[in-house]
Asker: 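Have a look at this one.
Lettering of chains follows the sequences in order, A, B, ..., and the numbering in each one begins at 1. Just so it is clear, the model here is predicted, and its values are computed rather than measured.
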2 protein chains.
Amino acid sequence: MTPPILTIGDDILTARQKDVLDAALGLLVEGGDGLTMTGVARRASCSKETLYKWFGDRDGLLTATVQWQAAKVRMVPVDRERLDKRALGIALEKFARDLLSVLSGDASVALNRLAVSHAGQEKRDLGMIVLENGRYAMGRRLKPVLDAGRDAGLLKFEDCEDAFRSFFGLVVRDVQIRLLLGDRMKLDEKTILDDARRAREQFFALYGA
Amino acid sequence: MTPPILTIGDDILTARQKDVLDAALGLLVEGGDGLTMTGVARRASCSKETLYKWFGDRDGLLTATVQWQAAKVRMVPVDRERLDKRALGIALEKFARDLLSVLSGDASVALNRLAVSHAGQEKRDLGMIVLENGRYAMGRRLKPVLDAGRDAGLLKFEDCEDAFRSFFGLVVRDVQIRLLLGDRMKLDEKTILDDARRAREQFFALYGA
DNA sequence: CATCAACCGTACCGTACGTTACGGTTCGGC
DNA sequence: GCCGAACCGTAACGTACGGTACGGTTGATG
């Protein structure tokens, strides 16, 4: 399998550049402050001149960092073969587990904080990048499964987008906003498993045929 | 009825101080930048010396601003008299409408952006203030209704907190995170009404006795 | 070895902004 | 009218940080 290719402008990322972005990610996760050009240069043992040469300006570095992290988060795709109710339920539950795991991770929280704080200003819109690689990517990934479930007579809904949004709500509930606002809620393995199962059951109760 | 009392340290807010906080709110809503001490002083026609005398430092001003806005958002309480299924449904649906209206307002989005970007740093935790006056206050307000619904044999759940979280998920879904990330989604009157009705129906389908 | 590009480390510059200081003005109390 | 407190407007200070410049080093190429 070919490694994922991430581009900066027209060029692909070198290993050294990935190291720099990992350094930026580390600083970002350790706390919003500290993520300065000087800080990244020191952490990555590179010069600020190099940072500006590679990424243009601070916004370019942040954008590349967000995209780099997004490229690392690759949830395993759900297959739509042999679709009976049990297989569909397993697929939905696994999707819910992956979603909760990613969402509650330090990197996701830090990245969404950064993107939220930068949204609303014009600039290069980090918010849109996170939306595109987060919420929207989730929808694109699950919708084929939902459609297949409807085609197989297992689910019943008019608007696939709407059905996905309800599933999203049943899975995430208030978890993301609470984490973003600094609520130290525990989301251990068992909690995630239970939440995913509950979301699957509730979704079937609402949209099962 | 006595006006709500908001304190700064041990003193209550004077009208002039409220004007200052409204100026800060205006700048905040107009865009994250611009909310500087100089900007607030200019907008409110007061001196920076006064700002520091009243609010201590920038964090104090931001904290007071957040609390001031929170004090302005007072959703009408839901009464638990004459509780039949229809009355309960109306109460839930109204709660959902109010929640969506507040959540999608400019002030709420701006305030949550500010709080999210300040969460995670130690400091005076704006995130906790917003959580306390937002998400947690919603729970405290709706839980009596849910409990009354269960006592009246209209609802069925084990954990009231869990039931509320599911209702929250059904109402809010992906709206808040998308707005915070800068998604320009339309949430007009009709959309809110439809979403509230759907949330009520789905909640009854899941938790109706 | 000579050359050249890439890069590291550091010093430097300009600006934005939080914070403080101060002179001038208003206003209530005596 | 006099005094002091509160406050306005503005100037000034210190610092953090984005961005730039430059000398020194490394490493590949011929």
Asker: Among Gln69(A), Arg43(A), Lys72(A), which one satisfies side chain to side chain donor-acceptor pair (under 3.5 Å) with Asp22(A)?
Answerer: Lys72(A)
Asker: Please pick, from dG23(C), dG18(D), dG18(C), the nucleotide with the shortest atom-to-atom distance to any side-chain atom of Met37(B).
Answerer: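 The answer is dG18(C).
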Asker: Would you mind reading off the distance between Lys53(A) atom NZ and dA21(D) atom C1', rounded to a whole angstrom?
Answerer: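 Atom-to-atom, Lys53(A) to dA21(D), this comes out as 15 Å.
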Asker: Between dG18(D), dC7(D), dA6(C), which one does the side chain of Arg58(A) approach most closely?
Answerer: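 Between dG18(D), dC7(D), dA6(C), the one nearest the side chain of Arg58(A) would be dG18(D).
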Asker: How close do Arg16(A) and Ser45(A) get, heavy atom to heavy atom, and via which atoms?
Answerer: NH2-O, 2.9 Å
Asker: Hey, does the side chain of Gln17(B) reach the backbone of Thr14(B) with a donor-acceptor pair shorter than 3.5 angstrom?
Answerer: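 Checking the backbone N and O of Thr14(B) against the side chain of Gln17(B), a donor-acceptor pair under 3.5 Å is found.
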Asker: Using 30° and 60° as the class boundaries, would you call the ring planes of Phe203(A) and Phe167(A) parallel, tilted or perpendicular?
Answerer: perpendicular
Asker: Rounded to whole Å, please give me the gap between CG in Leu51(B) and C1' in dC17(C).
Answerer: 14 Å
Asker: Can you tell me the distance, in whole Å, between the OH atom of Tyr52(B) and the C1' atom of dA12(D)?
Answerer: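 These atoms are roughly 14 Å apart.
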Asker: At under 4.0 Å between heavy atoms, what does Arg42(A) touch on the DNA or RNA strands: base, sugar-phosphate, or nothing?
Answerer: nothing
Asker: Of the listed nucleotides (dT19(C), dC8(C), dG18(D)), which one gets closest to any side-chain atom of Thr36(A)?
Answerer: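 Nearest to the side chain of Thr36(A) among the choices is dG18(D).
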Asker: Expressed in angstrom and rounded to an integer, what is the separation of Leu62(A) atom CG from dC17(D) atom P?
Answerer: 14 Å
Asker: Nearest to the Trp54(B) side chain among dC7(D), dG9(D), dA21(D), which nucleotide is it?
Answerer: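 Looking only at side-chain atoms, Trp54(B) lies closest to dC7(D).
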Asker: Which whole-number value in Å describes the distance from Arg43(B) CZ to dG9(D) C1'?
Answerer: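 Atom CZ in Arg43(B) sits about 18 Å away from atom C1' in dG9(D).
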Asker: Please tell me if Thr50(A) has a side-chain N or O lying less than 4.0 Å from either OP1 or OP2 of dC8(C).
Answerer: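 Indeed, a polar side-chain atom of Thr50(A) lies that close.
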Asker: Between the main-chain N or O of Phe168(A) and the side-chain N or O of Arg173(B), is there a donor-acceptor pair closer than 3.5 Å?
Answerer: no
Asker: Whole angstrom is fine here: how far is it from CG in Leu35(A) over to C1' in dA16(D)?
Answerer: 14 Å
Asker: Glu49(B) has a side chain; which of dC22(C), dG19(D), dC8(C) sits nearest to it?
Answerer: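 Closest of the options to the side chain of Glu49(B): dC22(C).
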Asker: Between the side-chain atoms of Lys48(A) and the base atoms of dG19(D), is any donor-acceptor pair under 3.5 Å?
Answerer: yes
Asker: Rounded to the nearest angstrom, tell me the gap between atom CZ in Arg16(A) and atom P in dC7(C).
Answerer: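 One finds 9 Å between P of dC7(C) and CZ of Arg16(A), rounded.
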